[in-house]
Undergrad: 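Okay, here's the structure, questions in a sec.
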There are 2 protein chains.
Amino acid sequence: MEYQEAKDKFISTWGSLGTLWGINKAMAQIQSLLFISTKALSMEEIMEELKISRGNTSMNLRQLMDWGIVTKELIPGERKEFFTTEKDVQELARHIAKERSRREIKPVIKILKEVSSIKDDGTEKTKELIKQTKALYDLAETADAMMNKIVNQEQNWITKSLLKLIK
Amino acid sequence: MEYQEAKDKFISTWGSLGTLWGINKAMAQIQSLLFISTKALSMEEIMEELKISRGNTSMNLRQLMDWGIVTKELIPGERKEFFTTEKDVQELARHIAKERSRREIKPVIKILKEVSSIKDDGTEKTKELIKQTKALYDLAETADAMMNKIVNQEQNWITKSLLKLIK
DNA sequence: CTAAACTTTCAATAATTATTGAAAGTTTAT
DNA sequence: ATAAACTTTCAATAATTATTGAAAGTTTAG
């Protein structure tokens with residue numbers, strides 16, 4: 001496999017994975033492109049490379065910046081803006097996990113808490129609703145806390161101990 | 001908040017969360033409904049409750065069965081089929097994690113391995129592609145292994161206790 | 001200040017994905 | 001074997017989501 005084929009394969013795979021995780025294709029592809037680029041890219045270069053429109057590029061770059069994984073870089077003497085993504089995978093994972101927790105998991109946990117706190121009127125169906133949503137609440141809380149803990153630790157400590165556990 | 005409101009809130013929240021995770025709305029809603037139901041439900045009851053068509057119900061029940069989180073239950077003397085979901089949240093999480101790993105994560109890991117194994121032609125861009133996809137590969141492998149480990153903990157615990165009992 | 005260079009916005013449109021419902025298929029009771 | 005009870009399939013359609021491109025907005029050089 002040559003460079004170009006490998007590059008295209010990577011970008012399209014990452015793009016389709018993004019879709020499954022609630023991130024749209026263009027957004028995931030722009031991030032992939034930046035991730036393997038050796039230099040910051042301009043909007044023009046991104047459009048050209050991925051064959052997407054100016055508007056699409058602009059909107060998705062903004063979203064990536066909102067997620068905190070892409071940053072503008074001003075190059076002296078250049079009028080246009082250049083973009084780079086976080087290059088360290090650990091840091092990237094940390095950002096993504098943090099955002100997903102904030103945007104998706106936390107709001108669900110809040111609803112689960114509300115639902116599991118309704119007053120028990122003694123009927124079987126109410127008892128079941130309370131019991132099951134309480135169990136989900138506990139699971140979601142634990143999973144969320146665990147994810148944040150893992151993702152916020154210093155790389156080596158956690159990787160080492162987990163690798164020990166796994167192996 | 002009364003029972004009906006809490007129930008609706010739970011089903012719609014869970015439904016919209018599903019969408020974010022690559023599971024469609026109807027599928028997530030059917031699972032939620034079964035999750036808080038005190039008894040197995042027929043297709044008729046599910047359609048009625050969620051206001052969805054017969055075809056939609058049938059297709060999504062099948063998908064849920066493919067995921068291994070819903071099962072058919074035959075009730076003696078009844079001609080129609082009844083459905084239940086896994087009621088234990090740990091077991092549910094285990095199933096979902098296992099399926100996601102198999103369907104989404106493993107295939108991506110495979111591509112990452114391929115891409116990161118292209119021959120190094122000495123150019124900077126090839127070196128960068130190899131370096132970055134290799135880093136992602138390591139991260140994905142670790143994360144996947146970790147997830148499976150965590151999610152299988154409960155089972156291991158149970159397995160261990162059972163083994164003790166048997167021996 | 002003005003014009004060129006560049007970015008953002010957003011209504012229109014395209015692409016994708018979910019849903020319906022009726023016909024075809026299957027199973028079971030008699 | 002047949003008819004009723006039930007489930008599945010799938011082409012048509014609806015709903016949702018992504019993308020375009022041109023107009024409006026912004027910044028900077030001169």
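Below, chain A is the first sequence line, B the second, and so on; all start at residue 1.
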Undergrad: Tell me every residue that passes side-chain hydrogen bond (donor to acceptor under 3.5 Å, both in side chains) with A:K87, counting only those two or more places apart in sequence or in another chain.
TA: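 side-chain hydrogen bond (donor to acceptor under 3.5 Å, both in side chains) check on A:K87 returns B:E128.
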Undergrad: Is any NZ, NE, NH1 or NH2 atom of the basic residue among A:R54 and A:E44 found under 4.0 Å from an Asp or Glu carboxylate oxygen of the other?
TA: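 A salt bridge is present here (some side-chain N lies under 4.0 Å from a carboxylate O).
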Undergrad: Pull out every residue in residues 77-84 of chain B that has a heavy atom closer than 4.0 Å to any atom of DNA chain C, ordered by number, or say none.
TA: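 The stretch gives B:R79 as the residues lying under 4.0 Å from the strand, ordered by number.
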Undergrad: Could you tell me if the side chain of B:M65 sits less than 4.5 Å from the side chain of B:W67, heavy atoms only?
TA: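 Side-chain contact under 4.5 Å: no.
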Undergrad: Have B:E114 and B:S117 got a donor and an acceptor in their side chains that come within less than 3.5 Å?
TA: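 No - no donor-acceptor pair under 3.5 Å links their side chains.
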Undergrad: Suppose the criterion is salt bridge (charged side-chain N to carboxylate O under 4.0 Å, His left out): which pairs have a residue in residues 62-74 of chain B, not counting sequence neighbours?
TA: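 Non-adjacent pairs meeting salt bridge (charged side-chain N to carboxylate O under 4.0 Å, His left out): B:K72-B:E81.
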Undergrad: Give me the first and last nucleotide of DNA chain C, going 5' to 3', that has any atom under 4.0 Å from a heavy atom of chain B.
TA: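 Extent of the interface on DNA chain C: C:dA18 to C:dT28.
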Undergrad: Charged N to carboxylate O below 4.0 Å: is that the case for A:E141 and A:K113?
TA: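 Here A:E141 does not pair with A:K113 in a salt bridge, since their nearest N and O are not under 4.0 Å apart.
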Undergrad: Taking all atoms of both residues into account, what is the closest heavy-atom pair of A:I118 and A:I130, and its distance?
TA: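 Closest pair (atom of A:I118, atom of A:I130, distance): O-CD1, 3.5 Å.
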Undergrad: Any salt bridge between B:K39 and A:E124, counting N to O under 4.0 Å?
TA: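 Judged by the 4.0 Å cut-off on N to carboxylate O distance, B:K39 and A:E124 do not form a salt bridge.
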Undergrad: Do B:S32 and B:Q29 have a side chain donor and acceptor closer than 3.5 Å?
TA: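 Their side chains do not contain a donor-acceptor pair, so the 3.5 Å distance test is not met.
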Undergrad: Let's see if you get this right: which residues in residues 47-59 of chain A place a heavy atom under 4.0 Å from DNA chain D?
TA: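 Listed by number, they are A:K51, A:I52, A:S53, A:G55, A:N56.
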Undergrad: With a 4.5 Å heavy-atom cut-off, do A:I46 and A:L41 have their side chains touching?
TA: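 Sidechains of A:L41 and A:I46: in contact.
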Undergrad: Below 4.0 angstrom, N of the basic side chain to O of the carboxylate: do A:E91 and A:R94 qualify?
TA: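 Salt bridge flag = yes for A:R94 with A:E91.
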Undergrad: Check this for me: A:E2, atom CD, are more than 12 non-hydrogen atoms of other residues, nucleotides or ligands nearer than 6.0 Å?
TA: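 Not buried by this count: 12 neighbours or fewer within 6.0 Å.
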Undergrad: Just the dot-bracket of DNA chain C, please: which string comes out with Watson-Crick or G-U pairs under 3.5 Å, [ ] for crossing, | for another strand?
TA: ||||||||||||||||||||||||||||||
